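A short worksheet on the structure shown next.
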Amino acid sequence: MSGSKGTIFIVDDERPVRLALERLLRSAGYRCMLFANGRGFLEILPYDKPGCVLLDLRLSDQSGLDVQSDLRNQDRNLPVIFMSGYGNVKSSVEAMRCGAIDFLTKPIEDAELLTVIDSAVNLHRQKLRECNKIEIIKQRYSNLSPREQEVLRCVISGARIKNISIHLGIAEKTVKIHKARVMKKMQAQSVIDLYQLAVQLEVTPEMVA
Amino acid sequence: MTILNWMTMAWSICIGICCFLGLVNLFWGLVSRQKNAAYLLTAGMAFSAVINGVAELSIIHSLDIEQTAFWLKIENSAVFGMLVNMVWLVYIRLPKARFWLASAITGLWSIGFLVNIFSDYSLTFSRLDSISKIATFGSLSFSMPQGPAHPLKIIADICSLLLLVYFIDASISSYRSGERSKSVAVGASTVSFILIGGVHSPLVDAGIIHTPYLVSFAFLTMVLFMSAELVLNAVKAADYKEQASRSNKRWQRVIDAAPLLVIECDLNGRIRYVNPFAEKLLLKETAELVDQPIAEYIPVLRQNFYGYHAGCNLTGKIVENRTVHKVELINIDNEKHILNMMIIDVEADCSEPIKVLICRDIGDWLELQRELNDTRSNLELMTRVSLLGELTATLTHELNQPLTTILSNAQAAKRFIGSKPFEEDELHEILNDIIEQDRRASGILRNVRNMVENRKEVQEPIELNQLIQSVVLLLENEAEHIKVKVDLDLAERLPETYGNPVAIQQVIMNLLLNAFKAAPRRNDNDSPHVRIHSSFEGENLIVAVEDNGEGIVKEMADRIFDPFVTNSNGNIGLGLSIAKRIAEDHDGNLSAENIANGGARFTFILPQRNEKQ
């Protein structure tokens, strides 16, 4: 839905609470999806638009922490914000250790809630973009022919063209042509760019004598 | 012939004794308050015997026919008097004596008496021919009138016969019915009379025995026998008087010393006597109180002195159920004392009936009761608070839900209003939700507040199902927290009863919390759950709480309702003992048992009560 600032998943076993939070978040421009328990929520994962989860620590059939660990297995990027009527130290520490973004105690003031959600959604957006980026790079890399991939690996080790041609057993001219194609397909401006892309792809350089 | 011979002496002694006995009986009959008639009749008998003796003596010495006739008439009159007195005396003394016989004898002899008076020579002789001198012992002689018998003398003879029959019959019947001593007395005297009068006299008539008639002596023995009991009674009376006096003194000491009020009143409620303890309370002495109405100090008696009577007379028979009444006494200083009062009717045989009030001052006791009740109330309150303390965490959470909802709703509304356009319908929804959630929170708080109040001795209508549901609501979160499932199996309609709703809730809450602790202890895979039943049987409402825990350990079974018994740390262990006490306050009961598949059932029985009870 365009025009919304993000999608918030509200998981709480109390209906009045879900409705109230939905209204508040809607008034701030977010779109909400409401779930009474973890099961319903986990079914819609993974989610590839910016958003976050507002998760109550205590649900009727399982603990919020369990839902969070299940979530991490299915979608590592979606941020989790815990809320609870209890607010004891132990649960909050545990929640944070498991990677939650924040822990809010009920009743939750709108200013605090919106601030936290805002940063969580932005975080998610960033992560999504990064994920996206890597996907694009991966796509580009897979478009390279095996020979081109080989050339890339040698180039990023910092070897000179002459040495690469000897190493691969092909003519220098051929190497130059391959390198140009790699640079174009990978959309790198310089060898350093290429190197950085390769790091993101976790491609190891090939040592050339 | 000297006057002082053995005959004169003998008869004089006889007359003397009879005279004495007559006087004694007369005196006793006039002075004593009981059985006057018997003593007067005996006196009559005795005096008749006196006259008879005098007459006989005169006849013995008489030489003149006219004189003899005169004395004969007197003698017969004396016999008449004697026998009539004797007949009615026996009638009074022996209950089985026959009235018709007595009347017949009296009637006949009255006729004889009249004949005797109006005849010339008395009833005995129709004509006096001569007076013969008969020799007897001691070389003395006595006069004996001679002549043909009077035709109506047979009346006297018939009467004598009837008399014999009457006495013998009366003696035997009375002996059989248990009046031993009296029957013996009458019987013995009859026998002696027969011997002396009935046997001796005919022998004298026939000339076989040469003595005068000894009828006087027969009469003397009868008088002696009849008086014997009197003499014995007189002796016993002195003894009894001594005993009674001692006994009286002893009881008086008891009444004086006991810390009880003892007040004697007549049947109209006027005071006759108060004991020293009562004097202290009333601030007046007995002398000042006599003849004042008791109602002046115990106002409640003004309405109906008789209405409070307890009914037990001194012979020990209980006439009605003895009841004790709580009354108020106000003395002249306007001090009020609360008393437990019992009224006893005292009906002694020969004195005026009185009512005795025995009262105990229970002011101190009432004060103690009040303190005890206060302490118990406080204790119940503390355990309630402690129960609630166990729920703090869940209650906080419970309250947080509505608070969160209200806050978020309100803040959302503000934002909606800030951004135009906004939907009015949504705003209404928001406001409705806010109101509902606030009410929910208030409900929870109200429950908590009720539990923490200390309201003693409350009699309010109780809707048992509603109470159960409110407790379940309060504990909903706790159940979720421990992951225990709660099933409600409530009767559709329960009769209304009266009692203290908060106390009942305390009992149910206690049972539920115990069940919550017990249920999860099972080792097997059955998930912990607790079931609450409500039902009614006859006049009793029944609440049963079942869990599927491990059940009650055998060693604990007898003791779980005792105070300070617990199987979990941190618990004082008063909950169940107080719960049981609350049940008993409502005339009900709390019991526990293990159920078939493992687990325990606690049953709370609450009898139906009306408002008045």
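In what follows, chains are A, B, ... by sequence order, proteins preceding strands, each numbered from 1. For clarity, every value in this text was computed on a predicted model and none was experimentally measured.
- A/Met83 places none of its side-chain heavy atoms less than 4.5 Å from the side chain of B/Thr404.
- Here the side chains of B/Ser408 and A/Asp110 are not in contact, with every heavy-atom distance at 4.5 Å or above.
- Residue A/Ile108 holds its CD1 atom at 9.5 Å from CG of B/Asn400, rounded to the nearest 0.5 Å.
- In this structure, A/Arg23 and B/Gln411 have side chains that are not in contact, with every pair of non-hydrogen atoms separated by 4.5 Å or more.
- Between B/Glu436 and A/Arg15 there is no salt bridge, since no side-chain nitrogen of the basic residue lies less than 4.0 Å from a carboxylate oxygen of the acidic one.
- Atom CG of A/Leu24 and atom CG of B/Leu407 lie 8.0 Å apart (nearest 0.5 Å).
- With a 4.5 Å cut-off on non-hydrogen atoms, A/Leu114 touches chain B through its side chain but not through its backbone.
- Other residues, nucleotides and ligands contribute at most 12 non-hydrogen atoms within 6.0 Å of the CD1 atom of A/Ile192.
- Counting heavy atoms of neighbouring residues, nucleotides and ligands inside a 6.0 Å radius, atom OH of A/Tyr47 exceeds 12 of them.
- With a 4.5 angstrom heavy-atom cutoff, B/Gln437 touches chain A only via side-chain atoms.
- By the 6.0 Å contact criterion, CD on B/Glu496 is enclosed, its count of non-hydrogen atoms from other residues, nucleotides or ligands being greater than 12.
- Contacts with chain A were tallied for B/Asp433, B/Ile434, B/Ile406; B/Asp433 has the most, counting heavy-atom pairs under 4.5 Å.
- When heavy atoms are compared at a cutoff of 4.5 Å, B/Ile430 approaches chain A by way of both its backbone and its side chain.
- Across every non-hydrogen atom of B/Thr405 and A/Pro16, the tightest pair is CG2-O, 3.2 Å.
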